[in-house]
Amino acid sequence: MPVSHIQTLVDRCRAGQLPAAIAKLPSGWVVMGERQVLPGYCLLLPDPVVPHLNALDRDARAQFLFDMALVGDVLLAITVAARINYAIYGNVDPALHAHIFPRDSAEPESTRTAQPWALDWKAAPLYSDALHGDFKRRVGMELRKHYATR
């Protein structure tokens, strides 16, 4: 069976070889989306990788969902987002991962209420440290502050 894209990303995070990696949380890794279809788009990747949310035991499931919401809290605090969209599918890559999208009330009216997969992903900028590194560091700093005080 081929290795999932999610497993490859987690392996790269563990090895310190994923430039888009933000932070290791108790449930897994927070990374910037490969294409920044919405500014600040992040993913939460479980570590270890599991096929879906229901494969986690009760405590691990609660931790994953808590960490996902915490990333949303941080994005709300450091962006002009009006809300956060969360998505867990696993249909294309059958491994648990959560998409976390900041949604800005200043988005064009034509896309403001569209689900993120209806947006033009090919036109979205690829993640780069030059463009997104400062934002990535701010998210990581805020996440580490939270876990330092727990």
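Only a predicted model underlies this, so the values are computations on that prediction, with no experimental measurement involved.
- Using a 4.5 Å heavy-atom threshold, the side chains of W117 and L119 count as separate.
- Counting only heavy atoms from C-beta outward, the side chains of W29 and R14 approach each other to under 4.5 Å.
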Please test Y127 against E34 for side chain to side chain contact (heavy atoms under 4.5 Å, CB included), starting from the C-alpha separation and ending with a verdict. CA-CA 5 Å; Y127 170 82; E34 182 178 359; 5.7 Å; no
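- Both M32 and V30 belong to a common hydrophobic cluster when Ile, Leu, Val, Met, Phe, Trp and Tyr are linked at side-chain heavy-atom distances under 4.5 angstrom.
- Side chain of T111 to backbone of A114: no donor-acceptor contact under 3.5 angstrom is found.
- Rounded to the nearest 0.5 angstrom, L126 CG and R35 CZ are separated by 4.0 Å.
- When atom types are taken as modelled, the side chain of D93 and the backbone of S4 share no donor-acceptor pair closer than 3.5 angstrom.
- Taking SG of C42 as the start and CZ of F135 as the end, the distance is 5.5 Å to the nearest 0.5 Å.
- Salt bridge absent: R112 and D104 never bring a charged side-chain N and a carboxylate O closer than 4.0 Å.
- The nearest pair of heavy atoms linking L143 to A23 is CD1-CB, 4.3 Å.
- Residues T79 and P102 come closest through the heavy atom pair OG1-CB, 4.4 Å.
- Between P116 and V37 the shortest heavy-atom distance is O-CG2, 4.5 Å.
- With contacts defined as side-chain heavy-atom distances shorter than 4.5 Å, the pair L96/I6 does not qualify.
- Closest non-hydrogen pair, E142 versus V74, comes out as CB-CG1, 3.7 Å.
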Checking D129 against K136 for the side chain to side chain contact (heavy atoms under 4.5 Å, CB included) test, could you report, in this order, the C-alpha distance in whole Å, the side-chain angles of both residues, the deciding distance, and whether it holds? CA-CA 8 Å; D129 256 350; K136 177 184 82 169; 3.3 Å; yes
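- Contact of the L70 side chain with the Y147 side chain is registered, since non-hydrogen atoms from C-beta on lie closer than 4.5 Å.
- D67 and Q63 are linked by a side-chain donor-acceptor pair at a separation below 3.5 angstrom, with hydrogens and angles left out of the test.
- Relative orientation of the F101 and W121 rings is perpendicular, given thresholds of 30° and 60° on the angle between their planes.
- Put simply, L75 and F66 are part of the same group of oily side chains (I, L, V, M, F, W, Y) that touch within less than 4.5 Å, one to the next.
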Stepwise side chain to side chain contact (heavy atoms under 4.5 Å, CB included) test for I100 and I84: CA-CA 7 Å; I100 307 164; I84 303 296; 3.6 Å; yes
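- Here the straight-line distance linking atom CG of L53 with atom CE of M68 works out to 8.5 Å at 0.5 Å rounding.
- Using a 4.5 Å cut-off on side-chain heavy atoms (C-beta onward), I88 and F64 make contact.
- P19 places a side-chain heavy atom less than 4.5 Å from the side chain of R12.
- At a threshold of 4.5 Å between non-hydrogen side-chain atoms, the residues L9 and L18 count as touching.
- In this structure, CG in D59 is found 12.5 Å from OG in S27, a value given to the nearest 0.5 Å.
- When the side chains of ILVMFWY residues are joined at heavy-atom separations under 4.5 Å, either directly or via intervening members, V50 and L45 end up in two distinct hydrophobic clusters.
- Linking ILVMFWY side-chain heavy atoms closer than 4.5 Å, directly or via other members, places L56 and Y86 in a single hydrophobic cluster.
- Residue-environment remark: CD (Q7) exceeds the threshold of 12 foreign heavy atoms within 6.0 Å.
- Cluster annotation: V10 and V31 are assigned to the same hydrophobic cluster (Ile/Leu/Val/Met/Phe/Trp/Tyr, side-chain heavy-atom contacts under 4.5 Å, transitive).
- Here K24 contributes atom NZ and I22 contributes atom CD1; the two are 14.0 Å apart, rounded to the nearest 0.5 Å.
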Please walk me through it: do N54 and R61 pass side chain to side chain contact (heavy atoms under 4.5 Å, CB included)? CA-CA 8 Å; N54 302 91; R61 184 183 305 180; 4.2 Å; yes
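- Side-chain contact of H99 with Y41: a donor-acceptor pair under 3.5 Å is present, judged by distance alone.
- Within the 4.5 Å cutoff, no side-chain heavy atoms of L44 are placed close to those of H97.
- Rounding to the nearest 0.5 angstrom, the gap separating the CZ atom in R103 from the CG atom in L38 is 5.0 Å.
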